[in-house]
Amino acid sequence: MSAPAPSPLAIVDAEPLSRQEEVLTDAALAFVAELHRRFTPRRDELLARRAGRRAEIARTSTLDFLPETAHIRQDDSWRVAPAPAALDDRRVEITGPTDRKMTINALNSGARVWLADFEDASAPTWENVILGQLNLTDAYERRIDFTDPRTGKSYALRPADELATVVMRPRGWHLEERHLVCDGRPVPGALVDFGLYFFHNARRLLDLGKGPYFYLPKTESHLEARLWNDVFVFAQDYVGIPQGTVRATVLIETITAAYEMEEILYELRDHASGLNAGRWDYLFSIVKNFRDGGAKFVLPDRNAVTMTAPFMRAYTELLVRTCHKRGAHAIGGMAAFIPSRKDPEVNKVAFEKVKADKDREAGDGFDGSWVAHPDLVPIAMASFDAVLGDRPNQKDRLREDVDVKAADLIAIDSLEAKPTYDGLVNAVQVGIRYIEAWLRGLGAVAIFNLMEDAATAEISRSQIWQWINAGVVFENGEKATPELARKVAADELAAIRAELGEEAFASGMWQQAHDLLLKVSLDEDYADFLTLPAYEQLVG
């Protein structure tokens with residue numbers, strides 16, 4: 001008797017969406033199921049490996065470059081594949097979720113690249129996951145438009161040669177997609193996002209003179225990059241396009257990945273496009289990994305940790321040197337400021353800070369950088385134009401003057417700044433306000449004139465956790481304790497209630513957000529990712 005056929009991928013607990021059948025075709029679901037069966041077991045092993053490495057860091061309170069891969073770092077002969085024409089000039093990249101309005105605005109923004117985000121800037125509701133895919137395909141087919149129901153303003157795409165190149169960011173390896181189940185278990189969100197996008201758009205993008213380009217988030221080791229490379233090899237064969245068509249830019253946003261930059265590029269060398277310096281997640285990763293390492297690993301307020309901090313400078317300069325040594329693009333960090341329509345003085349000060357930040361990155365050798373709002377595109381563009389001129393990048397600038405030692409990357413105690421009481425208040429305020437929006441399905445949220453995403457909430461709750469567990473005493477004499485965090489959170493909840501009014505407050509998710517922030521900030525067992533318990537409460 002022959003074995004039964006494998007069970008098909010099932011859609012569970014999901015409200016039907018308009019036009020979802022265009023995304024969830026039988027052929028596309030069969031591809032995602034094949035990805036799941038081939039690669040999820042290795043993904044599971046790599047997640048377990050993360051836990052083992054974290055335990056080793058807890059034991060030693062240190063990290064070093066890997067001795068077993070020294071031969072890769074010492075071999076000067078290898079390079080990543082040359083950049084395709086559509087990704088050769090990346091001097092300004094805009095980031096944001098894939099809702100319909102953002103899709104049009106980002107493509108029209110004047111940036112060279114749009115990071116179309118299914119990860120930190122997108123709460124993974126079923127609607128966001130599926131309609132985000134539809135919006136990208138509609139944009140490639142030029143059948144996308146949008147009229148804002150509130151203002152009546154209409155949005156449409158500019159001519160094709162004026163549009164940003166899309167680099168899509170799937171979810172990290174740690175996240176599941178509960179609405180798609182294969183062989184009795186949820187499919188990893190990374191494989192859902194990648195699989196649906198690649199299956200529907202790889203050939204379409206080639207016909208447009210571009211290709212399937214990806215940002216890879218939350219990578220913690222070169223072995224995780226190797227898994228992605230194997231996914232790409234299989235996927236290209238599956239749909240019958242040439243090997244090397246895919247290009248991937250890896251976010252170096254974990255402290256462990258910072259010690260494996262060359263190895264990550266090596267594993268992806270036929271598909272690598274560059275590395276990116278992701279600031280907030282990087283700080284979150286430092287706290288997560290060294291949270292029991294004592295006073296020398298205690299970070300000050302997040303806004304006091306600028307990119308000129310010695311350990312952050314070591315990280316970014318090593319990234320530029322590594323990328324250019326191997327022929328890859330080095331992409332700088334985020335300018336998260338959101339211009340105010342009401343306060344030109346706030347804008348003036350913020351624009352000056354953005355310009356200084358982008359001038360520094362361009363001067364350091366970066367080939368491009370991120371902004372969160374279209375109004376920042378011209379500022380960042382001017383900084384890079386001044387250095388690049390007509391050149392598409394500055395990969396020929398090898399930064400051989402850079403010499404970063406292993407200890408430099410974790411020299412947190414080189415900072416003079418200390419945690420402050422106002423920093424605690426800000427962490428609670430931003431944490432509650434962001435989580436409340438996320439639970440309502442919004443992943444990119446303007447809070448206090450900054451565009452915040454899930455990385456923001458992660459650093460907020462991590463700092464609260466770290467300060468309490470390290471027994472930090474603030475400048476006003478108050479000690480960081482669970483009781484103090486609860487008091488600050490209660491005060492913030494009351495302030496939000498007064499700000500919004502009773503009816504608007506009651507219609508939101510404020511109490512749930514308050515409770516969840518305190519849970520992940522005060523629990524003795526530190527949750528690896530805030531989004532894991534948050535996903536259990538996400539409706540849709």
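Nothing fancy with the numbering, it's 1 onward along the sequence.
Among residues two or more places apart in sequence or in another chain, the side chain to side chain donor-acceptor pair (under 3.5 Å) test is passed with Ser383 by Asp359. Listed by chain and number, the residues in a side chain to side chain donor-acceptor pair (under 3.5 Å) with Ser340 amount to none (sequence neighbours excluded). The side chain to side chain donor-acceptor pair (under 3.5 Å) check on Thr531 picks up nothing, with sequence neighbours excluded.
A salt bridge is absent between Arg91 and Asp367: the closest approach of a Lys/Arg side-chain nitrogen to an acidic carboxylate oxygen does not fall below 4.0 angstrom. For the pair Arg43 and Glu176, the salt-bridge criterion is met [side-chain N within less than 4.0 Å of a carboxylate O]. Salt bridge status for Asp401 with Arg321: absent, with no side-chain N to carboxylate O gap under 4.0 Å. Ion pair Lys355/Glu352 not flagged as a salt bridge, since none of the NZ, NE, NH1 or NH2 atoms sits closer than 4.0 Å to an Asp/Glu carboxylate oxygen. Classification of Asp408 and Arg313 as a salt-bridged pair fails, no side-chain N sitting under 4.0 Å from a carboxylate O. Using a 4.0 Å cut-off between charged side-chain N and carboxylate O, Asp357 and Lys353 make no salt bridge. With respect to Asp44 and Arg42, no salt bridge is recorded, no charged nitrogen being found less than 4.0 Å from a carboxylate O. A salt bridge does not link Asp528 with Arg54: every distance from a Lys NZ or Arg NE/NH1/NH2 to an Asp or Glu carboxylate oxygen is 4.0 Å or more. Under 4.0 Å is where a charged nitrogen must lie from a carboxylate oxygen, and between Arg50 and Glu224 at least one such pair does. Remark: Asp145 does not engage Arg100 in a salt bridge, criterion side-chain N to carboxylate O under 4.0 Å. Between Arg49 and Glu220 there is no salt bridge, since no side-chain nitrogen of the basic residue lies less than 4.0 Å from a carboxylate oxygen of the acidic one. The pair Asp75-Arg73 fails the salt-bridge criterion, with no side-chain N (NZ, NE, NH1 or NH2) lying under 4.0 Å from an Asp/Glu carboxylate O.
Counted by atom type alone, His271 and Gln236 present one or more donor-acceptor pairs between their side chains at under 3.5 Å. Side-chain atoms of Thr60 and Thr62 form no donor-acceptor pair, as typed in the model, at a separation below 3.5 Å. Residues Asp301 and Gln463 bring no donor and acceptor atom of their side chains to less than 3.5 Å of each other. Side chains of Glu260 and Ser221: no donor on one and acceptor on the other come within 3.5 Å.
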Trace of the ring pair (Phe, Tyr, Trp, His ring centres under 6.0 Å) decision for Phe194 with Phe232: CA-CA 10 Å; Phe194 165 82; Phe232 297 155; 5.7 Å; yes
Test salt bridge (Lys or Arg N to Asp or Glu O under 4.0 Å) applied to Asp207 and Arg203, step by step: CA-CA 6 Å; Asp207 292 343; Arg203 286 190 173 280; over 6 Å; no
Would Lys288 and Glu458 count as a salt bridge (Lys or Arg N to Asp or Glu O under 4.0 Å) here? Give the steps. CA-CA 10 Å; Lys288 177 161 66 172; Glu458 293 286 22; over 6 Å; no
What do the steps show when you test Arg302 against Glu452 for salt bridge (Lys or Arg N to Asp or Glu O under 4.0 Å), and what is the final call? CA-CA 13 Å; Arg302 69 163 186 160; Glu452 309 285 11; 2.7 Å; yes
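Summarising the local packing, OH of Tyr535 is surrounded by more than 12 heavy atoms from other residues, nucleotides or ligands at distances under 6.0 Å. Counting non-hydrogen atoms of other residues, nucleotides and ligands closer than 6.0 Å to CG of Asp390 gives a total of 12 or fewer.
Here the side chains of Phe146 and Thr103 are not in contact, with every heavy-atom distance at 4.5 Å or above.
Considering Leu265, Leu216, Leu318, Val320 as possible partners of Leu275, the one that fulfils the side-chain contact (heavy atoms from CB on, under 4.5 Å) test is Leu265. When each of Thr249, Asn276, Asn393 is paired with Arg90, the side-chain hydrogen bond (donor to acceptor under 3.5 Å, both in side chains) condition holds for Thr249 and for no other.
A cation-pi arrangement, defined by a distance under 6.0 Å to the six-membered ring centre and an angle within 45 degrees of its axis, is absent between Lys210 and Tyr140. A cation-pi contact, defined as under 6.0 Å to the ring centre and within 45° of the axis, is absent between Arg279 and Tyr282.
Sequence neighbours left out, the pairs with a member in residues 364-416 that pass ring pair (Phe, Tyr, Trp, His ring centres under 6.0 Å) are Tyr215-Trp370. Among residues at least two apart or in separate chains, ring pair (Phe, Tyr, Trp, His ring centres under 6.0 Å) pairs with a member in residues 240-264 are Phe65-Tyr259. Sorted by first and then second residue, the salt bridge (Lys or Arg N to Asp or Glu O under 4.0 Å) pairs involving residues 103-118 (not counting sequence neighbours) are Asp89-Arg112, Asp117-Arg169.
A ring-centre distance under 6.0 Å is not found for Tyr315 and Phe311. The aromatic ring centres of Trp280 and Phe284 sit 6.0 Å or more apart. Ring centroid separation for the pair Tyr197 and Phe118 does not come in under the 6.0 Å cut-off.
Atoms CZ and NZ, on Arg326 and Lys395 in that order, are 14.0 Å from each other to the nearest 0.5 Å.
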